[in-house]
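For reference, the structure is listed below as structure tokens.
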Amino acid sequence: MHIDARELENNSIIEGDICIVGAGAAGISIALDWMDSPYKVILLEGGGFEYDDKVQELYAGKTTGQKYFPLKSARLHYFGGTTGHWAGMCAPFDPIDFKKRDWVPNSGWPISKKDLDPFYAKANKILKLGPYNYEYEYWYNELPNLTAFPLDDKVVWNKIWQYSQARYGDLYKKDIVESKNIHLYTYANAVDIKADDNISNVKEVIVKNYAGKTHKVKAKHFVMACGTIQNARMLLASNSQAPQGLGNDNDLVGRYFQEHLEVASAELWLVKPFSTNLYSWEYGVTKASAELAITEEIQTKEKILNGTASLTPLSLAKYQKPRMETWQNSDPRKSLENMFANWDEAAEKAKVEKGNIERAFQLNTRIEQAPNPSSRITLGGEKDELGVRRANLHWELTALDKYSVRKIYQILGQQLGIAGIGRIRLNEFLRDPNDNTFPDSTNGGWHHMGTTRMANDPKKGVVDSNCQVHGISNLFIAGAACYPTSGAPNPTLTLTALSLRLSDYLKNKMI
């Protein structure tokens, strides 16, 4: 069922059993999981079914620290959320990502990969992926010509990715709108969360829109699924009862913002041509490919973060514009189109160049960011047009981030040399071991994580292992905001699995 909140009588009261705030990957995945249940599910979306620049402007905010994309462009604000312009790269986190690592400050999840495995399998289906199997041996038999570099698998392994073409707005709109128990309210922007006098139970969420309407939403349980930045913003802005914000007794809401660092780091020159089909990727076509990763044993030995390296032929890479520049467009819908247009143009130009396309590659890093409390979301002084203070991002990297990138390529270079495959040449910004800075051209992956981190100790996290906000019995956070660490893979598959695990927990509470 669909209701346009602009058409409701002002000050309407909306009631249900569970209220999900946000209709992106996390929120829609949870709603689908409650389809045809005996419970009334309220699904709130701040935008409509199409892009609206005025609604998108509500996401604008300032950035400081390491150069970052405009916040207005960083997430799409309509039904389906940022799945409307994602590249579809999916892989599960590795077992080491969940572990406490003594060389990674503030690492360690209160759950393990085994706790997520059943929900990863369900998430694969929602994302319209292949089987929940990310082993190289499986895909080697499934797809032709996926030949790996002959490297020591005790040091370097092939991290497999599957590619989703799921655009939730198109894929699941009909299911949600026609559902009898899912009540989708569009143009219903959450602006405040009201709790009881003890701030131990949420009573209602206040929503507004540009039509000048204000409504109250009441439910037994509330799930914030607005995305990593907006979840933190909403908790911080709900400060009429708790001056520091809801769930923020220990000043943790908004802290530990994490991204995946994506940066061109080195060149690989092969001794002779070698099939790199396993490491190739074509948007909208490739079912599975691999990136080079460092084993858990070597990560532990060298005390580095988890990351991967991908290959791009130099004859293609030299035509590409830096992505940070590509995404300065004021219209976020055009950003992905511009990026892939650059790729398509580069590919066409590369076709006419013979040269070293089979032997020379740019190596691009995708690596987790070390959890850093100074990398954070705060509220700015400026308010948006609905009266909510805007989110500001301070993105701050550490020496461990830079050390890990450099060490990954030293390890890869050694292994490629031992195997007689080729040589690696570090890019200039990695050559000085005493320089811990990153160039402005360093990209994030648009992968926002960590601002309401998970920990069973409320002094170390905002939510517990079931994604419940500490101290508030019926308020939950869905999505990558709950990640204590960010792993190497893109976050959508894991955030979907974690959201489905939360959904399962809520179902048990409702019984």
Side-chain angles (χ1 to χ4, degrees), residues 63-69 96-97 100-108 151 155-156 255-269 291-312 314 317-318 322-325 360-376 393-418 422-445 447 449-450 484-488:
T63 64
T64 55
Q66 180 71 34
K67 187 177 180 181
Y68 198 69
F69 308 108
I96 192 174
D97 297 324
K100 172 66 177 176
R101 292 166 281 172
D102 59 14
W103 66 95
V104 182
N106 305 299
S107 61
L151 302 175
V155 180
V156 179
R255 291 189 182 273
Y256 298 99
F257 173 87
Q258 293 160 70
E259 250 281 15
H260 287 130
L261 306 183
E262 298 193 356
V263 56
S265 301
E267 294 178 1
L268 167 62
W269 290 80
E291 294 182 354
L292 297 171
I294 308 301
T295 64
E296 179 174 335
E297 179 182 357
I298 299 302
Q299 287 183 50
T300 303
K301 176 183 177 182
E302 299 292 347
K303 299 188 180 302
I304 59 174
L305 297 164
N306 198 358
T308 62
S310 62
L311 282 66
T312 301
L314 276 182
K318 70 181 182 180
R323 287 200 335 176
M324 192 70 76
E325 295 177 9
F361 297 86
Q362 177 175 285
L363 293 174
N364 301 292
T365 304
R366 181 184 292 100
I367 191 171
E368 66 175 321
Q369 177 185 343
N372 177 9
S374 297
S375 184
R376 66 185 300 194
L393 166 64
H394 179 75
W395 188 29
E396 185 174 304
L397 307 178
T398 68
L400 180 58
D401 300 309
K402 185 69 170 290
Y403 165 77
S404 297
V405 175
R406 184 184 296 110
K407 179 57 70 173
I408 283 172
Y409 287 99
Q410 290 174 350
I411 294 168
L412 288 176
Q414 291 168 356
Q415 293 302 308
L416 289 162
I418 291 171
R423 295 290 185 270
I424 283 180
R425 178 177 183 269
L426 294 179
N427 285 2
E428 186 174 354
F429 83 99
L430 289 175
R431 295 173 191 169
D432 182 356
N434 297 312
D435 179 6
N436 293 320
T437 64
F438 282 86
D440 283 347
S441 59
T442 302
N443 288 304
H447 303 159
M449 299 163 281
T485 52
S486 54

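Any value given below was found using the heavy atoms of this structure, including those in side chains, with hydrogens, waters and symmetry copies removed. Worth saying up front: this structure is predicted, and the values here are computed from it rather than measured.
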Run Leu268 and Leu412 through side chain to side chain contact (heavy atoms under 4.5 Å, CB included) and show every step you take. CA-CA 10 Å; Leu268 167 62; Leu412 288 176; over 6 Å; no

With side chains defined as the heavy atoms from C-beta onward, is the minimum distance between [X] and [Y] less than 4.5 Å?
| X | Y | answer |
| --- | --- | --- |
| Ile418 | Gln415 | yes |
| Ser486 | Glu259 | no |
| Asn427 | Tyr409 | no |
| Asn106 | Pro484 | no |
| Gln258 | Asn372 | no |

Kindly determine whether Asp102 and Lys303 satisfy side chain to side chain contact (heavy atoms under 4.5 Å, CB included), including the steps that lead there. CA-CA 9 Å; Asp102 59 14; Lys303 299 188 180 302; 3.7 Å; yes

If every non-hydrogen atom of [X] is compared with every non-hydrogen atom of [Y], which pair is closest and at what distance?
| X | Y | value |
| --- | --- | --- |
| Asn306 | Ala488 | O-CB, 3.7 Å |
| Arg255 | Pro373 | NH1-O, 3.0 Å |
| Asn436 | Pro433 | OD1-O, 4.5 Å |
| Gly444 | Tyr68 | CA-CE1, 4.4 Å |
| Phe429 | Ala264 | CE2-O, 3.4 Å |
| Glu291 | Ser310 | OE2-CB, 3.4 Å |

Please check: side-chain N/O of [X] versus main-chain N/O of [Y], any donor-acceptor pairing under 3.5 Å?
| X | Y | result |
| --- | --- | --- |
| Trp103 | Ile304 | yes |
| His447 | Leu261 | no |
| Thr437 | Asp435 | no |

Starting at [atom1] of [X], measure out to [atom2] of [Y] and round the result to the nearest 0.5 Å.
| X | Y | atom1 | atom2 | result |
| --- | --- | --- | --- | --- |
| Phe257 | Ser374 | CZ | OG | 14.0 Å |
| Glu267 | Leu426 | CD | CG | 10.5 Å |
| Gln299 | Asp97 | CD | CG | 7.5 Å |
| Thr312 | Asn364 | OG1 | CG | 4.5 Å |
| Thr442 | Gln66 | OG1 | CD | 5.0 Å |
| Glu396 | Leu393 | CD | CG | 11.0 Å |

Show, in sequence, the C-alpha distance, side-chain angles and deciding distance for Asp401 and Leu305, and conclude whether the side chain to side chain contact (heavy atoms under 4.5 Å, CB included) test is met. CA-CA 7 Å; Asp401 300 309; Leu305 297 164; 3.4 Å; yes

Leu292 and Thr308: CA distance, side-chain angles, deciding distance, side chain to side chain contact (heavy atoms under 4.5 Å, CB included) verdict: CA-CA 5 Å; Leu292 297 171; Thr308 62; over 6 Å; no

The side-chain hydrogen bond (donor to acceptor under 3.5 Å, both in side chains) partner of Gln410 among Gln414, Lys407, Arg406 is Lys407

So which of Arg101, Met449, Lys100, Gln369 actually passes side chain to side chain contact (heavy atoms under 4.5 Å, CB included) with Thr485? Arg101

